[in-house]
Amino acid sequence: MKNLELAEIFYKIADILEMEKIEWKPRAYRKAARSIETMATDIEEVYKKGGLKALDQIPGVGRRISEKIEEYIKTGKINAFEKLKKKLPSGLDELMNIPGMGPKKAVKLYKKLKIKNIKQLVKAAKKGKIRKLEGFGEKSEQDILRGVALKEQSKGRMLLGRALDVARSLKQQIEKTGSVKNIEIAGSIRRRKETIGDIDILATSKQPQKVIQAFTKLPEVKTILAKGPTKSTVIISPGIQADLRVLPAEIFGSGLQYFTGSKDHNIKLRNIAIKKGYKLSEYGLFKKKTRIAGKTEQEIYKKLGMQYIPPELRTNTGEIEAAQRKKLPKLIDYTDINGDLQMHTKWSDGSNTIEEMARAAKKLGYKYIAITDHSKSEHIAKGMDIKKLNQYLKAIEKARTKVKGITILKGAEVDILADGSMDYDNKTLKKLDVVLAAVHSRFKMSKTEMTKRICKALENPYVNILAHPTGRIISERAPYKMDLNKIIEVAKKNKVALEINAYPSRLDLNDANARIAAEKGAKITINTDAHQVDQLRYMELGVATARRAWIKKEQVINTKTSSEIKKFLKK
DNA sequence: GCCGTTTTCGGCCCGACTGTTTTCAGTCG
């Protein structure tokens, strides 16, 4: 996928244009960049299928930008960008990554002090040269030094799973102060994006200052970046930014709507409001000076003439148009899951026993689970040979007698070998209630080979689920090269469900791919891949991904009852 | 540079906080 590369180029073009004080174009380039970045499909595919015209259909992309995309796909370069880069030194955009430093300041530092990169910036700040510039002072000089240090220790975006834990803990602590009426985690966490840049929390209160005060005094707060009467930004350990906004209770809905984003979703809503003669902000939906909505998000969407849009869908990728036509799907709910079909125990690389996993799952209200330890080739994960597998199957039978009220399915996560055959023979696979097929080796095959390999496995009559279909690990490992469309098609034909693996660093299929798979009619299963009892709670991350993929309950097999799932697994 | 049942030209979301500016520009989300 070239989507991210292109988005990055357009962001950089926007930065350079902004430094040159060109108006409006930066906004246009950023809008196009965001749109390309969040697209569900590979932009190269879009171009191959429909040429420039198809590119023009992307929101925010017009003829000039689509031509640049074409140029990049064909030549790997964009001439206009290469020329722009020559105008300003390349280190300047890195200056703009420092909090509080935008294009105007960066360019001033360059023009007046010949500062081209962070190193020179730090040097100048330490020598006290920056405070002498017009528009800068002693404080801004310190802010720069602090900002650079901060940037160095923060490690970019964090996984949703981690961000949720941290945000929920903050929320609880703020709640305890007592002066809060409503409080909700907002921003990209509420939209359940797979990685999170910072934590946003919205509260309502009659004494906002008290809440802000309590927030900035929390033990994990390391630095206070901003602190006003209704809004504060802090850095909590270890280097995560958290924002709190406090509003009156009567505008909780509009505040939450605004603070949840996404930015593009909000801009589009505000434009719709303007066309209707209204104005939308965090303070409510206004007709002239009168507030006509604001207490709940529901009434805002209603007054704007559309269905309520769940936060997970707010990406401005068609959800607003669908809501206007009253065509939003009824998304799978977090409570719809009846079982978890991938987890590991001490029999391979898990930390708990079969019984412990079963009891924990029962506590979560599940009707069934599948124990799915690793097959023999997975040596690192203590994969089971046939002899051990037979003992393991007996152990599952024993656990069934010990833990009542939940169905324990006999399963295994079986390696797909390099030639596409399975790591156990069919006689062995037949003994299992549920077979997960997974690629765990030889990741670097060609696209054709890998597609053939996986498709062959999907055609095995005993395979029920393709586990973590693309193999990506978020910000660590790219997906294997494969023809996902072909794999979806073969999976559908052979009644193999495609997994949304809910493990925080996997989320594989991701939202975009899961949306494609479900649209094409393939069955989906959402499983945690838990290696210990505590990890069973990751299910919500998988369901969130499914919701972001517009998936309905009926499309997910582990929303079925025990008897229905058994029937499905028998094909 | 994009976009259009108010426009193919003339607009382009809206508000909080900070620092240095004595009234507001810059940055952020």
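Residue numbers start from 1 in every chain, and the chains themselves are labelled A, B, ... in the order their sequence lines are given, proteins ahead of strands.
If A/Arg64 and A/Ile274 are placed on DNA chain B by their nearest nucleotide, the residue sitting closer to the 5' end is A/Arg64. When the nearest nucleotides of DNA chain B are assigned to A/Leu17 and A/Lys275 by heavy-atom distance, the more 5′-ward of the two goes with A/Leu17.
In this structure, B/dT8 makes no Watson-Crick or G-U wobble pair, since no nucleotide meets both defining distances under 3.5 angstrom.
When heavy atoms are screened at a 4.0 angstrom cut-off, A/Gly187 is found touching no nucleic acid atom at all. If you check every strand for non-hydrogen atoms under 4.0 Å, A/Gln142 touches nothing. If you check every strand for non-hydrogen atoms under 4.0 Å, A/Thr233 touches nothing. At a threshold of 4.0 angstrom between heavy atoms, the contacts of A/Pro229 are confined to the sugar-phosphate backbone, with no base atom among them. Among the atoms of the strands shown, none is found under 4.0 Å from any heavy atom of A/Lys108.
Using a 90° window around 0 for the glycosidic torsion, B/dT7 falls inside it and is classed as syn.
Taking the P atoms as reference points, B/dC9 lies 25 Å from B/dC14, given to the whole Å. As rounded to the nearest Å, B/dC28 and B/dT20 have P atoms that lie 16 Å from one another. To the nearest whole angstrom, the two C1' atoms, one in B/dG1 and one in B/dT5, are 24 Å apart. Here, B/dG11 and B/dA16 have their C1' atoms 25 Å apart, quoted to the whole Å. Nucleotides B/dT8 and B/dC2 have their C1' atoms positioned 12 Å apart, rounded to a whole Å. Rounded to whole Å, the separation between the C1' atoms of B/dC12 and B/dT18 comes to 26 Å. Rounded to a whole angstrom, the distance from the C1' atom of B/dG15 to that of B/dG10 is 24 Å. A distance of about 13 Å separates the C1' atoms of B/dG19 and B/dT23, rounded to the whole Å.
Distance from the side chain of A/Lys227 is smallest for B/dT18 among the nucleotides B/dG15, B/dT18, B/dC2. Residue A/Ala226 has its side chain nearest to B/dC17 when only B/dC17, B/dT20, B/dG1 are considered.
Separating the CD atom in A/Glu184 from the CD atom in A/Glu297 is a distance of 8.5 Å, to the nearest 0.5 Å. Rounding to the nearest 0.5 Å places CD1 of A/Ile500 at 5.0 Å from CD1 of A/Ile526. Annotation: the span from A/Ser35 atom OG to A/Arg30 atom CZ amounts to 15.0 Å, rounded to 0.5 Å. Considering CD1 of A/Ile201 and CZ of A/Arg190, their distance stands at 13.0 Å, rounded to 0.5 Å.
The environment of NZ in A/Lys108 is crowded: more than 12 heavy-atom neighbours from other residues, nucleotides or ligands sit within 6.0 Å.
Using a 4.0 Å cut-off, some side-chain N or O of A/Ser140 falls inside it from OP1 or OP2 of B/dT20. For B/dG15, one of the phosphate oxygens OP1 or OP2 lies less than 4.0 angstrom from a side-chain nitrogen or oxygen of A/Lys279.
Whole-Å rounding puts the A/Lys139 NZ to B/dT21 C1' distance at 16 Å. Atom NZ in A/Lys268 sits about 11 Å away from atom C1' in B/dC3, given to the nearest Å. As a whole-Å value, the separation of A/Leu133 CG from B/dT21 C1' is 16 Å. In this entry the distance linking CZ of A/Phe136 with P of B/dT21 reads 11 Å, nearest Å. The NZ atom of A/Lys31 sits 12 Å away from the C1' atom of B/dG4 (whole-angstrom rounding). Atom CD of A/Glu138 and atom C1' of B/dT18 are 16 Å apart (whole Å). Rounded to an integer number of Å, the gap from CZ of A/Arg146 to C1' of B/dG19 is 13 Å. Separating the CD1 atom of A/Ile58 from the P atom of B/dC3 is a distance of 10 Å, rounded to the nearest angstrom.
Between A/Tyr301 and A/His265, the two ring planes are tilted [angle within 30° to 60°].
Each salt bridge (Lys or Arg N to Asp or Glu O under 4.0 Å) pair with one or both residues in residues 241-251 of chain A, not counting sequence neighbours, appears once here: A/Arg245-A/Glu282.
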Output one letter per nucleotide in nucleotides 24-29 of chain B: B when a protein non-hydrogen atom lies under 4.0 Å from the base, S when only the sugar-phosphate is that close, - when neither is. --SSSB
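In summary, A/Glu82 and A/Lys85 engage in a salt bridge, as defined by a charged side-chain N under 4.0 Å from a carboxylate O. The pair A/Glu540-A/Arg168 meets the salt-bridge criterion, with a side-chain N (NZ, NE, NH1 or NH2) lying under 4.0 Å from an Asp/Glu carboxylate O.
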Verify salt bridge (charged side-chain N to carboxylate O under 4.0 Å, His left out) between A/Lys2 and A/Glu44, making sure each step is shown before the conclusion. CA-CA 7 Å; A/Lys2 292 204 164 80; A/Glu44 225 172 330; 3.4 Å; yes
Go through the steps for A/Glu70 and A/Lys74 under the test salt bridge (charged side-chain N to carboxylate O under 4.0 Å, His left out), then give the verdict. CA-CA 6 Å; A/Glu70 177 181 51; A/Lys74 282 186 172 165; 3.7 Å; yes
May I have the step-by-step check of side-chain hydrogen bond (donor to acceptor under 3.5 Å, both in side chains) for A/Asp333 and A/Thr335, ending in yes or no? CA-CA 5 Å; A/Asp333 195 74; A/Thr335 56; 2.8 Å; yes
When you compare the protein's N or O atoms with those of nucleotides 9-12 of chain B, which come within less than 3.5 Å of each other, and at what distance?
unit_1 : atom_1 : unit_2  : atom_2 : d
B/dC12 : N4     : A/Trp24 : NE1    : 3.1

